[in-house]
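Take a look at the structure below.
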Amino acid sequence: MTRKTIATVWLDGCSGCHMSFLDIDHRLLDLADMIELVYSPLVDRKDFPESVDITLIEGSVSNQADLDKIRHIRAHTRTLISLGDCAVTGNVPALRNTIGAEPVLQRAYMEPDLLNAQIPTVGVPPLLPVVRAVHTVVRVDVFIPGCPPSADTIFNALSDLLNDRQPSVAGKTRFGA
Amino acid sequence: MNPEELHSLAEERREALDQFQHRVVVCTGTACQAAQSRKIIEALDGIVKERGINGRCTVSAGGCRGLCSAGPMVAVEPTDVLYQGVTPDDAASIIDSLESEPVKALTCDTSAPFFTRQKRVVLEYEGRLNPESIDDYIAAGGFSTFVRILTEMTSGDVIEQIRQSGLGGRGGAGYSTALKWSTVAKALGTTKYVICNGDEGDPGAFMDRSVMEDYPFKVLEGMMIAAFAVGAQEGFVYVRAEYPLAVKRLKQAIRQAEKYSLLGNNICGTSFSLKLDVRLGAGAFVCGEETALIASIEGKRGSPRPRPPYPAESGLWGCPTLINNVETYANVVPILREGAEWFAGIGTERSKGTKVFALSGAIVNTGLIEVPMGISLREIIYDIGGGIPNGRRFKAVQTGGPSGGCIPEQYLDMPVDYQSLAQVGSIMGSGGMIVMDESSCMVDVAKFFMEFCMTESCGKCIPCRVGTAQMYRLLDKISQGRARLQDLEVLEELCDMVKHTSLCGLGQAAPNPVLSTLRYFREEYLAHIVDHVCPAGVCKIAHEEIAL
Amino acid sequence: MRPRAAAPAAPSDDKRWRIVTATMRRHGFSPDALIETLHSAQEAFGYLDEIALRYVAASLMVPLSKVYGVATFYNLFALKPQGEHTCVVCMGTACYIKGSPQILSAIDEEFGIKGGETTPDKKVSLMIARCLGSCGLASAVVFDGDVMGKVEPDAAVERIRRWTT
Amino acid sequence: MSRVATLKINGQDVSGREDETILEVARENGIPIPTLCQIEGLSNVGACRMCLVEVAGISKLLPACTTRVAEGMDVRTESERLTHYRRMAVEMLFAEGNHICSVCVSNGHCELQGMAVALGIDHIHLPYLAPRRGVDASHERFTFDANRCILCTRCVRVCDEIEGAHTWDVMGRGVGSVVITDLNERWGDSPTCTSCGKCVQTCPTGALFIKGSAVGEMTKRNTFLTYIAQMRGNLK
């Protein structure tokens, strides 16, 4: 059996979904035989591979780098999974959507009484005007809501995919779970 | 007042009018008033006095002649001369020519198709009556039908006549008027109401306004007959506050009718009593929906409620209530005067009578017209309307306002009736007819109507409240050339859902302008989405990155 | 008429309150007369302020929140004072396709006000009408009650400028 | 006394009094119909459209909460189409307000969230409107977070119909509708609010909650509604 290539990506999130992924614990070993983790914050690789079977996306699309990244990833991924509420709904990062990017930057960097107050622009990507859920930017194949989704949910969904079944998370997780 | 008194009053008034050899009637409809027709009356009056002929010639304010684009209109009776584009400076030449040939330069050709192709039932007096004088109306035979019915007919007879006439509700859907009346007549309860829906809210519609302003007595008489038929003792005319002249004239008309005891207790010495009053809207399109209208009369937010129960069973203050539109009531008197058979002879097999339309947009003759049902769109637009000005091409005609659709060229020969219009994805609606040429963008038109529905949604039910806002956002995105093809799919999905799940007619019909433009002008949507261009050059295309 | 305590006294000895009270009396102080009463208050004072809303609520015995709900549901009720002059641009279908949006943007560009707004000097309020029913005159604009037909953006701006200078 | 009608719901023969609604008869027979604005003990407004059902011979979908049963009626409460519409209605609510379940006091006890689970909604495919809405924390015991309000008007109805204060109502219209207290004033300053908390307990989401509740801590208790309705003889 050929192993499926898997990638995991952080966009704008708290990494909690990755923690939950690791919470799969010993079952990771079961998965290990079936997958090859080709790209992830957990492995040391700079470029996204040419072709990946399954990519798990954590986090929302909040800045220009997120946007560039997700478009590239979509083009090189067979099955794209929105993992967790930030990717699925925008969640906490999207709280700023009611206010707008600029006022948030002003509040964070300019209003506090700081020495040389300035909004950072060098070496950081510019914020998008609106924080987006992943599926509003690129096509998404599987949604796993939750904040974070439980390890069981992630494991089951992955197992389904590895066995060429369409995963069903209905009733197993929810927004905010 | 009894029939004899009414008759002699009419005679008296007719004689009084006949004393004048010349009657000059100046249109005081909205368009003509905007063109200073009040000043024309002053000028004419001045000249008449100056010439010392005030014993032979009278100048009066009249109603709309229909051809608003040629206003201000002045008519001379009894020679039936019609002048157009009159200014106060023309007063002398008009008065001085009364005994001789009409003023050539000002004469409006009444043998033009605009006049000859119309069939006037609702607008039968063609603006000749002074809308502020009950005597004028009575002299023209007004209230004689009501008085005759009151003294000679039963409720059942009246409803049977209406049934045989085939009259359908002119508010838009064409629901059988007789069925409505008999439901209210049969409903249990001693307290019943009649309501006249004068909350004409469609943008691009001003028929009911004209009818209320020009023929307030005729509308009241229709309501009085309806009240008699269904057994109501009280009624309201609900008029939008944006129509102050209509409000004023209806209130005046009610006072005058009360003075003649045509309204009040034991009318004509019968056991029938009726009190009518005017209620003002306050700027809410949704109040045209009957349950919202009732809530508004009760002093509440104009939110519709689910039907059934229908107002016929449980309406105003929980009592059986008859609600008809202005134009429907205005048809009642002619039907009962001329007979159901006569009325049923006008129109088509399934749509009887005439329909009043407000013709506007990219068309030569804008104004108010009344045509027999079944006439083709082409006849209306090209013969009566005079075609498209500025050498442009016809693109679509919009009927039914925000609840209707855009009809393309291929259906121009289609007969105008309730069924045919529905078949092509529009509705008759209350009668707004807006002609568009190639300079109109169909995406922009759809967006315009969706913005309307979004801001006029009462907010009670989810599909209409949220769905219209989402459809508007998508249409805005499309019009800016920033949408993706998936957005079009979502738009269509929203149309289907909002149409089938909204609580009232506003939401249920809100997707119609989108659906009809998608049906006939899909390529225009695609041009915005795929090629990022607006073919009509109306929309401002954004050149920023797509999808953000 | 429902049994009630004595109707509350008018908020001040401003004579205009008599018009409002008269409207309510004509309707027997029935809660159903809320909209008619708000119309009459707005006609008397130009807009509905908190004092008027409280007075009407107490007189008709309608809950405060309901009065506020009704006053904000209907477009014609204004809760803020209007400018000295009003310009109402019709955005009915016929006017729209004949260029009302351009009139609005010309006014915005020149005087910095959008529909529903009033210039800072309180001279001019700009309103949008859903349809004036004057489609034959498209585009129609009402300047202080006078309907003007076939209005071009420049003409509208010119007419308003006469108010402001 | 109302007559009894026999009808079919999902093919099952049931009977009900003719003054009962389809929803009442369905629930008496253990047939679930989803609802959001409806709550036992308050008047029904038919606003959320979750309870729409198909009735044979009628082309329009009808709200079960306000439609009375009739002899011979043939009702379907479940179909692919109904599920689709219900999902869209729920998605619309998520897209309309700012519902961030992960930081909400009602996380895990929210009727909106529960409805999403019941209907298998795993993402919102309709455009988010992200309105700017406020929070009123002026009341000493309760908070109103308009971001989580779904305009079901239960608070308005319970305050009017049960408490009799009518502190709450809806202002504005369309997508700009907001529930308010008195003349759109701070709740804490309300001279009409009795601080009874019925609005909080009937609110289906975390829009109205007891101060000091942390994420997921706000559970609602509204059994008093049926009790009061029963005591007043309103319950049929």
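Just so it is clear: chains get the letters A, B, ... in the order the sequence lines come, proteins before strands, and each one is counted from 1. Atoms considered below: every heavy atom in the structure, side chains included; atoms not considered: hydrogens, waters and symmetry mates.
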Review point. Is any side-chain heavy atom of B:D444 closer than 4.5 Å to a side-chain heavy atom of B:F448?
Key: no
Point to revise | Greatest number of heavy atom pairs closer than 4.5 Å to chain C - which of B:A282, B:G204, B:P244, B:A31 | key: B:A282
Check your understanding: So C:D121 and C:T119, side-chain hydrogen bond (donor to acceptor under 3.5 Å, both in side chains) or not? Walk me through it.
Key -> CA-CA 5 Å; C:D121 61 1; C:T119 51; 2.7 Å; yes
**Study point:** Within 6.0 Å of CG in C:D13, more than 12 heavy atoms from elsewhere
**Key:** no
Exercise for review: Just give me the residue among C:G92, C:C90, C:A129, C:C95 that pairs up with chain B most often, heavy atom to heavy atom, under 4.5 Å.
Suggested key: C:G92
Check your understanding: Picking from B:I434, B:V538, B:L280, B:T366, which has the most non-hydrogen pairs under 4.5 angstrom with chain C?
Key -> B:L280
Review point. Do we get B:R209 above B:F206's six-membered ring, with its NZ or CZ under 6.0 Å from the centre and within 45° of the axis?
Key: no
**Study point:** Minimum side-chain heavy-atom gap C:L126-C:E117 below 4.5 Å
**Key:** no
Point to revise | Interface residues of residues 42-57 of chain C facing chain B - heavy atom cut-off under 4.5 Å | key: none
**Study point:** When C:N75, C:L38, C:T93 are compared by non-hydrogen pairs under 4.5 Å with chain B, the top option
**Key:** C:T93
Practice item. May I ask you to name which of C:V70, C:V67, C:V88 has the most heavy-atom pairs under 4.5 Å with chain B? Key: C:V70
Check your understanding: Of all of B:A241, B:G367, B:G302, which one pairs up most often with chain C through heavy atoms under 4.5 Å apart?
Key -> B:G302
Exercise for review: Taking the side chain as every heavy atom from C-beta outward, state whether B:V211 and B:L123 have any pair of such atoms under 4.5 Å apart.
Suggested key: yes
Practice item. Name the region of B:Q398, side chain, backbone, both or neither, that has any atom closer than 4.5 Å to a heavy atom of chain C. Key: neither
Practice item. Using a 4.5 Å cut-off on heavy atoms from C-beta on, say whether the side chain of C:M91 contacts that of C:L104. Key: yes
Check your understanding: Do C:W163 and C:D144 have side-chain heavy atoms sitting under 4.5 Å apart?
Key -> yes
Review point. If you count the non-hydrogen atoms of other residues, nucleotides and ligands that lie under 6.0 Å from CZ in C:R161, is the total more than 12?
Key: yes
Point to revise | Heavy-atom pairs under 4.5 Å with chain B, option from C:H39, C:K98, C:K66 with the top count | key: C:H39
Exercise for review: Please determine, among B:A358, B:G361, B:C68, B:P402, the option with the most heavy-atom pairs under 4.5 Å with chain C.
Suggested key: B:G361
Point to revise | Flag side-chain contact, heavy atom, 4.5 Å: B:D199 against B:E289 | key: no
Practice item. Mind ranking B:S296, B:A205, B:A35 by heavy-atom pairs under 4.5 Å with chain C and telling me who comes out on top? Key: B:S296
